[in-house]
Amino acid sequence: MYKLILAVTALPLIMAAAPLPAPAPVIPPPALIAALRDDALANDHIAWDITEGLTTEVGQRLAGTEAEARARDWAVRRLTAMGFANVHVEPFTMPVWVRGAETAEIVAPFPQKLVLTALGNSGATPAEGLTGEIVAFDSVEALIAAPDAMVRGRIVFIDHRMMPTQDGSGYGQFGAPRRQGPTIASKKGAIAIVVRSIGTDHHRNPHTGVQSFADGARPIPAAALSVPDAEQLARILARGRPVTIHLTLTPHFVAPGQSGNVVADLVGGDPSLPMLLIGGHLDSWDLGTGAIDDASGVAIATAAAKRIMDAGRPLRTIRVVWFGAEEPGTFGAAAFAKAHGGDRFAAMAESDFGADRIWKIDTRLGEGRKAVEDALFAAVAPLGVLKGVTNKAGGSDLDELVEAGQPVIALRQDGTRYFDWHHTPDDTIDKIDKGQLRQNVATWTAMLAVLSGGIAEPKPSRWR
Ligand code: ZN
Ligand code: ZN
């Protein structure tokens, strides 16, 4: 059973009386949680500093490349300097796809340039490009329903509009043209595919993202048009005349490369207790500097852990992981699950949805954790964070562990602005709102204060 005790004053006495059995997990006093939370809300600069440092001193961090390796070195140095223990890299190898030339123009009826970018794992055109007639669809379903003869030898265009939502739920639904369109188009004999970017902005920036040719589909050139360019193409198509475009895309796979997960621990007072696992992903797409996806994510989780560290030693160990190679297909998550799937975690949480404020928390902690959930929701309520569901949560790099039954918490961020910049050249640090970032870190700090089982060895001068 969980019980409320005054951990700050009581635990040092208990620990002095060794060799008593390990203390049962406790929930720290609300006043301590509130103090940690409110200090983060007013003063946190750690998350900003990490995001600024990583995006400035490393920049883009495409998975499996030399840039991601530099990012790992940076991460090890920073986490060590912050005082984390057991800082190390857990390496793995992976296929590495890199971008080449990417240009397009309408040849007829109204010659003009189009702005696009290759989707991850895209096939290549010949070096001199290829020319073909556009066949347009308004959804993946319409492409599936089309006779192969309509598609064969042509360039497919899927024009499917995504609207912004607070919870980002449109990404699953409206991301289908990017994720499934290339495979379907290839199997129907298309020579290439362009999709309207999976984005909610009207900047002339295309949104990249991963897709994978499945079911033996032959790789074909696959690209995303910026939203204004997709709308321009739709206007031209609406004139009813055949539209021909010339497309040059030369991405390719290089030799398999090395990536890795960077792991760091805040060692708890009772290492025999299941630990907390938190993090984000270190890699980014190559177009911007990966500020909101996902430098801010690793920064938020790490800043919250650092705040607990500065308050004293938590009862449970908090393990921080900066996952490698999330973008091209969660290779880091797979390697981590393979190495640590047998470990027991008290809870896991990942930050991978920008840097805006948390508005809701969903959990899936399992049976017998109601006291912890109640303490968690009470602790974050003053930040305007709502109680969500308690039977469903996840995180991109955690889902394999979640499926294996590990408990998880999802701190839901406001995603209204996220898909304006997601996977574009515009994913840069100037998009981050420092006030919202502090609220985010404050929420994570309160969560860790509750879930870590209390501050077993507080630093008295600061927190009494
Ligand atoms: Zn991400
Ligand atoms: Zn991403």
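As the structure lists them, so they are numbered: ligands from 1, and atoms in each ligand from 1.
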Q) What about the rings of F353 and Y418, do their centers lie closer together than 6.0 Å? A)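 Yes.
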Of all residues at least two apart in sequence or in a different chain, which pass the ring-ring contact (aromatic ring centres under 6.0 Å, His included) check with [X]?
X: F84; answer: none
X: H160; answer: F174
X: H340; answer: F336

Q: Could you tell me whether D167 and R412 make a salt bridge, using a distance below 4.0 angstrom between a side-chain N and a carboxylate O?
A: no
**Q.** Number of protein N/O/S atoms that sit closer than 2.8 Å to the Zn ion (ligand 2)
**A.** 4
**Q.** Flag for E68-S259: side-chain donor and acceptor within less than 3.5 Å
**A.** yes
